[in-house]
Amino acid sequence: MPTNQEIATTLRRVAAVFEVIDSDFFRTRAYQNAANAIENLTISAYDLFEQKKLTEIPGVGPNIANHLDELFVKGKSSHFEREMKRVPAGMFGLLGVRGIGPKIAYRLSKKFHLRFEKTAKNDLLKLIKENKLTGMEGFGDKLIAKLKTSIDNQFNKKVRMLQSEAYPIADKLISYLKAIPLVKTAQPLGSIRRRLSTVGDIDIAICTNSPSNVMPEVLKYPEISKVISQGEAVTRIKLKSGHEVDLKIGRVRQWGSLLQHYTGSKLHNISLRTFAATKSLSLSEHGIKNVKNNKIYLAKDEKEFYKKLNLPYIPPELREGEEEIEWAKENHIPNLVEISDIKGDLHLHTSFDFPTSHDLGVSSVREMLKTAHQLGYQYLGLSDHNPKFNDLSVSQKKKILDKRKLWIRSEKQEYEKTVKSNKIKILIGLEIDIRKDGELALQEELLKDLDYAIVSIHSSFDLSKDENTTRIIKALSHPKASILGHPTGRLINQRDSIKADWLRIIDFCKAQGKILEVNASPQRLDLPDDLVKLAIRSGVKICINSDSHDVNQMANLLSGVYVARRGWATKNNVVNTFSFTDLLKMLK
DNA sequence: GCCGTTTTCGGCCCGACTGTTTTCAGTCG
């Protein structure tokens with residue numbers, strides 16, 4: 001079945017046809033809106049089709065829904081196919097290259113008979129080298145050179161970077177900017193500020209009342225390799241590291257409007273402007289314009305901006321154009337969980353040396369307690385991997401686990417000699433593999449000695465949706481299995497999420513009081529935010545853990561807090577904000 | 001083609017930047 005992404009691509013292609021052939025701007029936009037909505041769905045459009053709920057997707061009306069029905073039933077839609085045949089297929093191969101939109105793609109593919117999507121980029125490159133574009137109306141030397149560069153870049157296209165990669169780059173540049181005398185402040189925008197798990201471009205806002213004096217200073221930043229484009233309000237630079245950064249300049253009095261505009265998301269802004277239009281207001285980075293008298297209201301911060309629209313402040317993590325504006329109108333924006341609410345970390349790997357199924361940690365319990373103290377925690381859960389399942393006898397494993405327990409206790413006693421107060425509680429658990437058949441990789445008699453268990457998939461990732469669902473539910477059925485660790489198993493940009501029926505798993509967790517982990521390891525961030533939202537709406541609790549193998553990683557838990565916030569979590573949804581007594585009840 | 005506590009008809013988010021022109025088209029976010 002076509003994925004949401006594939007459907008969105010098809011709809012965009014049909015939209016492009018309407019744009020270049022029919023110049024039907026609004027029909028074009030209707031298709032683009034539908035594409036955006038489907039791309040941002042948290043469940044598959046196919047599932048909605050099965051439930052006959054396609055028209056509940058905002059932007060999908062009866063016509064597009066009918067075409068999608070046909071697409072799902074027959075594997076293709078005659079309408080989409082027919083529309084796309086009106087242009088040379090090479091046009092679709094050119095779309096997506098930076099600087100090539102529908103109009104240019106159409107003109108080039110038609111003039112040079114680019115009939116194949118797959119070879120279109122190469123064909124165009126060849127035409128450029130043979131100077132075949134020279135002399136075409138509207139194609140000057142600069143534009144042709146730009147197209148060549150864009151296609152070259154496409155061939156070594158980069159994947160979206162991790163938030164943990166992008167943030168430090170932005171942070172370093174921001175420190176530099178803040179040190180410039182006329183700069184009032186600076187801050188990241190876009191997906192960095194909304195704390196998405198991955199980031200495309202790095203956007204930064206600079207607040208100053210003297211843009212013309214400040215910009216030359218900004219461009220002295222030693223990491224810049226070249227200035228890609230420069231205008232009064234926006235400058236795009238490339239860093240020596242290869243990262244591209246957009247710098248937006250805003251004045252103090254319009255700072256709120258600027259931040260709001262460039263924080264996005266695009267869909268949030270579109271929804272917000274549609275809402276503003278009902279109040280005869282028009283929104284832009286410059287302010288809020290009353291279209292009746294053309295008066296512009298300047299917002300110095302975002303609170304003022306939203307207040308002018310009669311809305312409460314909407315945290316950046318929620319600005320995805322889903323239902324946050326509806327909720328804001330009702331004044332129902334939740335108080336999202338914060339890092340200061342976190343009272344402990346339940347997924348930590350110690351340096352206790354024994355034959356585990358996976359990697360050991362490198363830090364002692366003593367070091368972890370010291371770090372926990374600095375982080376203001378009240379409890380820790382130690383969850384080394386289970387002992388090797390096949391290579392050791394049950395009695396050997398028991399010996400190992402008993403020895404581990406003694407070591408943990410002695411480490412704790414040693415640590416407590418060094419501090420006056422603040423006794424941090426310790427839970428002795430394990431992270432246990434979920435085997436292919438859903439059995440836990442630890443024998444029953446050893447399980448009962450644990451305070452709690454995190455159960456996780458570390459193998460057989462490629463099972464079917466049904467097999468994985470059954471396997472996870474079976475594993476969670478054990479009374480000690482309180483937490484499902486890094487549930488989807490994804491490694492961002494490296495390994496896809498496992499296939500599973502998350503609605504069924506969430507229902508099971510709700511019924512049985514099981515907890516879903518939000519693993520804060522930067523390449524995991526798992527549960528992903530969209531599933532966090534589904535889980536929380538269903539009343540399932542989450543636990544935000546760092547999965548540290550080194551005390552230096554314990555502060556990573558903050559990244560998990562951002563994922564939880566993007567999933568609309570309040571502290572009541574997160575078990576490791578609870579008191580130790582209440583936590584124990586949840587782990588039961 | 002979609003949508004509706006102004007509307008089932010008549011609207012549909014808003015602006016920056018580049019390049020090619022000389023007032024605008026195309027693309028991007």
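As the structure is a prediction and not an experimental result, all values here were calculated from the model. Numbers restart at 1 for each chain; the letters A, B, ... are given by sequence-line order, proteins then strands. FYI, side chains are in, hydrogens and waters are out, and symmetry mates aren't considered; it's all heavy atoms of this structure.
Taking a centre distance below 5.5 Å and an interplanar angle below 30 degrees as the stacking criterion, A:Phe26 stacks against the six-membered base ring of B:dC12.
Nucleic acid contact class of A:Tyr31 (heavy atoms, under 4.0 Å, all strands): sugar-phosphate only.
Residue A:Glu83 contributes atom CD, which lies 12 Å from atom C1' of B:dG1 at whole-angstrom precision. Between the P atom of B:dC14 and the CG atom of A:Leu283 lies a distance of 7 Å, rounded to the nearest Å. Between the P atom of B:dG1 and the CG atom of A:Leu68 lies a distance of 13 Å, rounded to the nearest Å. In this structure, A:Leu247 atom CG and B:dA16 atom C1' are separated by 14 Å, rounded to whole Å. Nucleotide B:dT18 holds its C1' atom 13 Å from the CD atom of A:Gln230, rounded to whole Å. Counting to the nearest Å, the P atom of B:dC14 and the NE2 atom of A:His268 are 15 Å from each other. The NE2-C1' distance, from A:His286 to B:dC17, rounds to 12 Å in whole Å. Atom C1' of nucleotide B:dG1 and atom CZ of A:Arg13 are separated by 21 Å, given to the nearest angstrom.
Applying the ring-ring contact (aromatic ring centres under 6.0 Å, His included) test to A:Tyr562 and every residue at least two apart in sequence or in another chain returns nothing. With sequence neighbours left out, A:Tyr221 forms a ring-ring contact (aromatic ring centres under 6.0 Å, His included) with A:Tyr176. A:Gln32 meets the side chain to side chain donor-acceptor pair (under 3.5 Å) test with no other residue; sequence neighbours excluded. Shown here are the side chain to side chain donor-acceptor pair (under 3.5 Å) partners of A:Thr263, two or more places apart in sequence or in another chain: A:Arg193.
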Reading 5' to 3' through nucleotides 19-29 of chain B, protein heavy-atom contacts under 4.0 Å coded B for base, S for sugar-phosphate only, - for none | SSS----SSSB
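For B:dC9 and B:dA16, the C1' atoms lie 34 Å apart once the distance is rounded to whole Å. Atom name C1', nucleotides B:dT8 and B:dG15: the rounded distance is 32 Å, in whole Å. Taking the P atom of each, B:dA25 and B:dT20 are spaced 16 Å apart, rounded to whole Å. Separation of the C1' atoms belonging to B:dT7 and B:dC12 is 13 Å when rounded to the nearest angstrom. As rounded to the nearest Å, B:dT5 and B:dG1 have P atoms that lie 23 Å from one another. One P atom belongs to B:dG19, the other to B:dG11, and the distance between them is 37 Å to the nearest Å. Nucleotides B:dG26 and B:dT21 place their C1' atoms 13 Å apart, quoted to the nearest Å.
The side chain of A:Ser229 lies closest to B:dC17 when the candidates are B:dG15, B:dC17, B:dG1.
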Look for any protein N or O under 3.5 Å of an N or O in nucleotides 3-9 of chain B and output each such pair with its distance, or none.
unit_1: B:dC3; atom_1: OP1; unit_2: A:Gly59; atom_2: N; d: 2.8

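Put simply, the side chain of A:Glu324 does not reach to within 4.5 Å of the side chain of A:Pro315, judged on heavy atoms. At a threshold of 4.5 Å between non-hydrogen side-chain atoms, the residues A:Arg107 and A:Ile104 do not count as touching.
A close approach under 4.0 Å does not occur between any side-chain nitrogen or oxygen of A:Asn33 and OP1 or OP2 of B:dG1. Checking the phosphate oxygens (OP1, OP2) of B:dC14, a side-chain nitrogen or oxygen of A:Ser282 falls inside 4.0 Å.
For the residue pair A:Asp24 and A:Thr28, no side-chain donor N or O sits within less than 3.5 Å of a side-chain acceptor on the partner.
Residue pairs that meet the ring-ring contact (aromatic ring centres under 6.0 Å, His included) test with at least one member in residues 5-57 of chain A, sequence neighbours left out, are A:Phe18-A:Tyr31, A:Tyr46-A:Phe49, A:Tyr46-A:Phe72, A:Phe49-A:Phe72. Residue pairs satisfying the ring-ring contact (aromatic ring centres under 6.0 Å, His included) criterion with at least one member in residues 243-300 of chain A, sequence neighbours excluded, are absent.
Under the Watson-Crick and G-U wobble criteria, each requiring two contacts below 3.5 Å, nucleotide B:dT8 is left unpaired.
By the 6.0 Å and 45° rule, A:Arg319 stacks over the aromatic ring of A:Tyr313.
Comparing A:Ala233 and A:Asn269 against DNA chain B, the residue whose closest nucleotide sits nearer the 5' end is A:Asn269.
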Tell me which donor-acceptor pairs under 3.5 Å the side chains of residues 57-70 of chain A have, and how far apart each pair is, sequence neighbours excluded?
unit_1: A:Asn66; atom_1: ND2; unit_2: A:Pro62; atom_2: O; d: 3.4
unit_1: A:His67; atom_1: NE2; unit_2: A:His79; atom_2: ND1; d: 3.2
unit_1: A:Glu70; atom_1: OE1; unit_2: A:Ser78; atom_2: OG; d: 3.4
unit_1: A:Glu70; atom_1: OE2; unit_2: A:Ser78; atom_2: N; d: 3.0
unit_1: A:Glu70; atom_1: OE2; unit_2: A:Ser78; atom_2: OG; d: 3.0

